[in-house]
Amino acid sequence: MSTNLKATIGVAVLALVIIVGAVLTTQKKEVSPAAAAQSLVRENSHRLSTAADGKTTVVEFLDFECEACGAAYPDVERLRAEYGDRITYVVRYFPIASHPNAFNSAHAAEAAARQGKFEEMYKKLFDNQAAWGHKEQSQAAIFEQYATELGLDLAKFKADVASPEVSARVEADATDGQALGVQGTPTFFIDGEKHNADPNYDMLKAAIDSSLTR
């Protein structure tokens, strides 16, 4: 192999190493801590409770049709009842495409939120998940029934469910989740730390208690 050829190959390899290193560095810097904190809780995120001291924040990325989310729901409600406004509890949408009514249910919750009834619809959807979940056909009529039971303006509700604004709002939550590394539901963040392994009452309580005692 000639000296010139060796030199050319050496330069090419060095350039490749530099390029790969630059790409990896860029990927690592894609989500800075400040950006992650900002995208974890937005100004318009739905808060089920707000701690006056702002010390402990629990964020749940969920899919109303997800069976694991439904299984975690009683534990979440138990924790919310126990801690009340000692913690800030934030709910964010992360509908899973393989669930037939994941987006419909998220749109229903967001449409209800626009009439001040997010928490009520949140509870309706989880309390009745077994009745409407995992049906191939649209469950829009069921969600409209829930809206009526909650005393919502049904015409406005239906218009909001179908609106691009509501769709964009749901997609914005999902986009934030993806940027934060959410891959499935439910995924919990407690003071910015991700918890997605066996999110049961004991695990969540231990993390919340640890945060409150810091």
Side-chain angles (χ1 to χ4, degrees), residues 24-96 102 105-106 109-110 112-114 116-127 129 169-214:
L24 291 176
T25 301
T26 301
Q27 288 176 340
K28 288 180 182 178
K29 292 181 178 179
E30 278 181 359
V31 182
S32 67
Q38 182 181 31
S39 61
L40 188 55
V41 181
R42 299 286 186 182
E43 186 177 346
N44 65 349
S45 294
H46 297 303
R47 294 161 175 79
L48 299 183
S49 63
T50 302
D53 60 10
K55 185 175 181 179
T56 299
T57 299
V58 181
V59 180
E60 180 184 3
F61 282 85
L62 60 77
D63 173 346
F64 289 107
E65 195 169 11
C66 166
E67 290 179 342
C69 294
Y73 169 67
D75 288 342
V76 167
E77 291 303 283
R78 180 181 173 189
L79 288 165
R80 292 210 302 124
E82 183 175 344
Y83 290 97
D85 59 6
R86 293 170 62 201
I87 64 173
T88 298
Y89 201 94
V90 181
V91 172
R92 306 208 58 187
Y93 307 117
F94 199 82
I96 306 297
S105 55
E110 182 58 26
R114 295 185 178 223
K117 297 282 188 176
F118 173 80
E119 183 172 355
E120 291 82 352
M121 184 62 82
Y122 158 89
K123 290 181 176 180
K124 277 278 189 187
L125 291 168
F126 276 131
D127 286 342
Q129 188 193 66
R169 174 68 178 75
V170 170
E171 289 176 7
D173 268 17
T175 298
D176 278 346
Q178 290 169 353
L180 290 161
V182 175
Q183 297 180 327
T185 54
T187 294
F188 294 87
F189 290 83
I190 300 176
D191 294 341
E193 182 179 352
K194 185 166 66 171
H195 299 266
N196 57 358
D198 190 21
N200 56 49
Y201 172 83
D202 291 334
M203 181 275 282
L204 294 172
K205 178 176 173 57
I208 291 170
D209 285 344
S210 175
S211 170
L212 288 171
T213 56
R214 287 190 196 117

Between [X] and [Y], which heavy-atom pair has the shortest distance, and what is it?
X	Y	value
K205	L79	CB-CD2, 3.9 Å
T88	A51	OG1-N, 2.9 Å
C69	P186	SG-N, 3.5 Å
I96	A102	O-CB, 3.4 Å
G54	T57	O-OG1, 4.4 Å

I'd like to know if R80 pairs up with E119 as an ion pair, taking the criterion as any Lys NZ or Arg NE/NH1/NH2 lying under 4.0 Å from an Asp or Glu carboxylate oxygen.
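Judged by the 4.0 Å cut-off on N to carboxylate O distance, R80 and E119 do form a salt bridge.
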Got a salt bridge between R214 and D191, using NZ or NE/NH1/NH2 to carboxylate O under 4.0 Å?
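A salt bridge links R214 with D191.
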Between [atom1] of [X] and [atom2] of [Y], what distance do you get to the nearest 0.5 Å?
X	Y	atom1	atom2	answer
M121	F64	CE	CZ	9.0 Å
I87	E82	CD1	CD	9.0 Å
F188	K194	CZ	NZ	13.5 Å
Q129	D63	CD	CG	8.5 Å
R86	T50	CZ	OG1	15.5 Å
F189	E60	CZ	CD	11.5 Å

Got a sec, which residues hit ring pair (Phe, Tyr, Trp, His ring centres under 6.0 Å) with Y122, two or more places apart in sequence or on another chain?
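Result, ring pair (Phe, Tyr, Trp, His ring centres under 6.0 Å) vs Y122: Y73, F126.
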Can you check side-chain contact (heavy atoms from CB on, under 4.5 Å) on T175 and F94, steps first, answer last?
CA-CA 8 Å; T175 298; F94 199 82; over 6 Å; no
With sequence neighbours excluded, residues passing salt bridge (Lys or Arg N to Asp or Glu O under 4.0 Å) with K55
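Salt bridge (Lys or Arg N to Asp or Glu O under 4.0 Å) check on K55 returns nothing, list empty.
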With sequence neighbours excluded, what pairs up with D176 under the salt bridge (Lys or Arg N to Asp or Glu O under 4.0 Å) test?
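Listed in chain order: R42, R92.
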Around atom CD of Q178, are there more than 12 heavy atoms from other residues, nucleotides or ligands closer than 6.0 Å?
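Buried by this count: over 12 neighbours within 6.0 Å.
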Any donor-acceptor N/O pair, [X] side chain to [Y] backbone, under 3.5 Å:
X	Y	value
S211	A207	no
T185	F61	no
S210	A206	no
Y93	E110	yes

Close side-chain approach of N200 to M203, heavy-atom, < 4.5 Å:
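A side-chain contact under 4.5 Å exists here.
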Could you check if a side-chain atom of V59 sits within less than 4.5 angstrom of a side-chain atom of Y89, using non-hydrogen atoms only?
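Heavy-atom side-chain distance check fails, nothing below 4.5 Å.
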Would Y201 and R78 count as a side-chain contact (heavy atoms from CB on, under 4.5 Å) if you check the C-alpha gap in whole Å, the side-chain angles of each, and the deciding distance to 0.1 Å?
CA-CA 8 Å; Y201 172 83; R78 180 181 173 189; 3.4 Å; yes
Do R47 and V41 pass the side-chain contact (heavy atoms from CB on, under 4.5 Å) test, and can you show the C-alpha distance, the side-chain angles, and the key distance before you say yes or no?
CA-CA 9 Å; R47 294 161 175 79; V41 181; 3.2 Å; yes
Take V58 and I208 through the test side-chain contact (heavy atoms from CB on, under 4.5 Å) and record every step on the way to the result.
CA-CA 8 Å; V58 181; I208 291 170; 4.0 Å; yes
